[in-house]
Amino acid sequence: MNRLIALAAICLMTTNSLAAKLWDEPASAPQFKGTLTGQVKWKPKHTSNWFVFVVKEANATNGSNSQFKDIQGKSVQVAVGKWIAPDKPAPERVAFIEALQPKQALTISVRGTSRKTFDLTALPDTVKPTNVHQAPQSRQHASPQSKGLHYPVRRATGALIDETVVATTLHVNPAKAHAMADGTRANPYPTLTAGLMAAEKRLTAGIATKVIVHPGVYREGPISLQCGKGKAQDTLLIIEGTDAASCILSGSDIYPASEWTELGNGLYAAHWPHDWGHFTYNWGPPKPLGHRREMVFVDGELFTHVELEHYKYNRDPDLFKNPKRRYDYMNASPPTALKPGEFGVAERDENGNKLYVRLKQGQSIDQVTIEVAQRRQLLIIGPKKNMVIRNITFTHAANDFQNYARHGALTLHDQTENVLLDRTHFVWNNFAGLRLPGGNHFTLRNVVASYNGYGGIGNGAKNMLVVDSITNFNNWRGHLGGQYGWNLGGVKIGGHHGPITFIRHTAVGNLSGGLWTDIHPFDVIFEECVSALNYGFGLFFELSNGPHLADRCMLVHNRSKQFNLSITGKSMVRNSVLYGNTKLPQGKLGLPMAVAHMQWYLRKDNHAKMHPLKAELAALEGNVIAGGQDQLVLISFQNGVNRANPNYASWELYMKGNTLHGPNNEAYIYNDKDWGQHIIQWPAFKHALNLGENTLADPQFMNPNRLDFRVKGASPLVARRQELPLKQLDASWLDETRAWYKRWGLEGPRVLAD
């Protein structure tokens with residue numbers, strides 16, 4: 001049996017990159033069964049980047065192949081003596097082995113112009129080899145490195161688009177309507193529909209096209225762009241507004257004063273032509289008002305929807321069976337029940353088919369602008385590759401649960417590929433802001449998906465990169481229906497998608513959780529993200545083997561848990577700030593909510609059966625985990641697996657380098673070998689799980705109740721200022737979030753009451 005030394009190109013990085021701490025094994029590392037020898041670093045000639053390689057020893061038959069993926073996610077075969085790359089990955093991204101001599105030397109080349117041979121017996125230019133131990137015999141004495149703590153997580157690359165290939169530019173400008181419109185700047189198309197139909201003809205002929213959208217509110221649609229003929233699917237299309245604030249694609253129409261009949265005391269009625277009724281899935285909101293999609297905006301402000309026609313809603317208690325729902329009409333309330341700032345619909349014939357609005361004090365029907373949502377979808381794009389949408393706002397879509405992945409303000413086909421959404425806004429839509437039904441290679445940059453009825457950004461895509469984006473103040477419709485979980489949140493990424501990378505994302509004030517991944521996504525990264533002041537959790541990894549990583553994030557002042565982990569494989573939160581101050585109970589026994597809550601149990605529903613699940617490692621490394629005076633519990637580790645099940649012993653908690661501080665410095669553990677479910681002090685918790693190298697100390701934040709997480713000069717964290725997100729967040733979020741919760745009659749996180 002010969003030994004194969006496999007060399008894997010892991011990533012491009014500068015010498016000071018922090019990523020090397022985690023991405024230090026090939027993506028297929030579980031296929032190799034040897035010891036990590038060390039890392040080789042090399043900066044070839046004619047390049048400014050360092051390559052980092054990991055040298056692995058593994059048992060293999062002479063001439064056999066091993067499969068793994070390079071950093072682009074393309075398959076590469078490794079054979080004794082050479083690398084074969086049938087898909088020819090970009091030479092500036094991947095280095096190639098020219099010769100392998102096991103345990104002696106290896107030669108690497110980049111583009112065939114730079115070459116270096118390494119003596120593996122001496123391992124020059126290497127870092128200190130990683131010490132790998134044998135698997136432990138008992139859970140109490142487990143070594144985290146035996147479980148592969150520094151596991152690989154692939155970063156998403158997102159879309160790769162060359163916008164310089166554009167060959168023609170068309171203009172859309174409703175302010176310059178012209179009988180001879182031809183798409184030039186002088187004679188632009190008057191509607192977005194006309195501009196996109198003209199673009200589709202050029203795409204069909206293989207002409208890369210940009211459509212420039214000039215300021216205006218485009219009350220059209222739904223606009224359908226199918227791109228099914230000729231070369232339209234593959235040819236680059238750019239839809240670019242001059243700026244998102246003034247280029248608006250709206251699902252509402254204006255109801256002028258002439259449409260309304262005055263009923264006295266600010267109450268007005270207009271004819272309502274729709275019979276939209278209710279729709280939800282069996283696991284949707286328990287209250288019918290959450291199943292509706294009517295919206296009314298007065299001078300840009302959403303009026304509160306009030307139920308005038310009352311229904312008894314019945315659903316099957318088994319939420320995952322075929323939906324069995326029934327709406328039994330009971331009676332109607334008079335429109336005079338509406339308060340200022342409210343509206344309601346009486347859509348039944350016996351109730352007059354009316355839309356009612358009661359204006360606020362001081363508002364006059366002939367001086368306000370009333371916009372009423374009419375269209376479920378705004379822009380529909382069929383299977384399309386290579387597309388940019390920039391500086392467009394999608395708003396007032398009357399979407400709902402029905403076919404929610406395909407009935408969005410922006411509706412994309414599930415085979416869409418290589419798409420950049422840049423400075424696009426999805427605001428004040430009835431259901432979701434942006435739903436991605438699948439597809440591949442998406443980049444979302446400076447996207448805003450806020451103030452939507454349910455979620456901000458939902459579902460997902462393969463190879464999805466989200467940078468500098470915002471999902472704040474979502475789920476007002478879900479709140480009206482009594483729904484704060486399920487398929488919603490600031491971000492809710494579900495399905496078997498990956499890699500998924502969020503960088504510098506913000507989720508604040510959502511009437512739900514902030515950041516959530518669920519149902520088998522893989523290679524998930526949240527880096528330098530902020531999730532704060534949300535009605536639910538801050539960050540939730542759920543139902544997936546992962547791996548998952550949260551790095552340098554701020555999970556603070558969320559109403560329940562700051563970090564939640566449930567039924568996952570390898571997951572890590574590191575170098576992050578977790579700060580809570582909640583009195584909420586959790587679990588059947590009503591024990592206090594923890595700052596960081598981790599649990600594993602056997603789940604048998606259809607979602608769990610989609611992919612085998614394995615209990616592995618929950619890791620907290622280098623974090624600050626702290627709480628205010630109301631935060632009684634810091635860490636919750638609940639093993640809900642029967643002790644006879646192999647998953648019981650294989651699920652481990654690893655904690656190293658964390659700074660812990662709370663009023664009691666407590667933690668509790670559930671269903672362990674020696675304890676039932678109850679609170680225990682930190683020393684006992686630390687001893688039970690063999691948790692060493694953690695510190696109990698006051699981080700000495702400047703003023704966490706004003707979102708100031710900088711530290712004082714005497715803080716034990718001073719030396720870690722470069723690696724921890726010790727910063728002051730936007731204090732204006734406090735007043736805005738306080739007003740948002742008050743509007744919906746909710747008690748927010750404890751800090752909002754200070």
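For reference, positions follow the sequence shown, starting with 1.
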Any donor-acceptor N/O pair, S576 side chain to R574 backbone, under 3.5 Å: yes
Parallel, tilted or perpendicular, as decided by the 30° and 60° cut-offs, for the rings of F709 and Y579: perpendicular
Parallel, tilted or perpendicular, as decided by the 30° and 60° cut-offs, for the rings of H611 and H496: tilted
Any H171 side-chain heavy atom under 4.5 Å of K176 side chain: no
F442 vs V466 side-chain heavy atoms within contact, under 4.5 Å: no
Donor-acceptor contact below 3.5 Å, side chain N510 vs main chain S512: no
Whether F401 and Y281 hold their rings parallel, tilted or perpendicular, with breakpoints at 30° and 60°: perpendicular
Side chain proximity check, V577 to L726, heavy atoms < 4.5 angstrom: yes
R559 to Y535 six-membered ring, cation-pi geometry met (6.0 Å, 45°): yes
Beyond-backbone contact of V524 with I493, side-chain heavy atoms, under 4.5 angstrom: no
Under 3.5 Å donor-acceptor, N463 side chain and P499 backbone: no
Close side-chain approach of I503 to R155, heavy-atom, < 4.5 Å: yes
F526 and F502 aromatic ring geometry - parallel, tilted or perpendicular at 30°/60° bounds: parallel
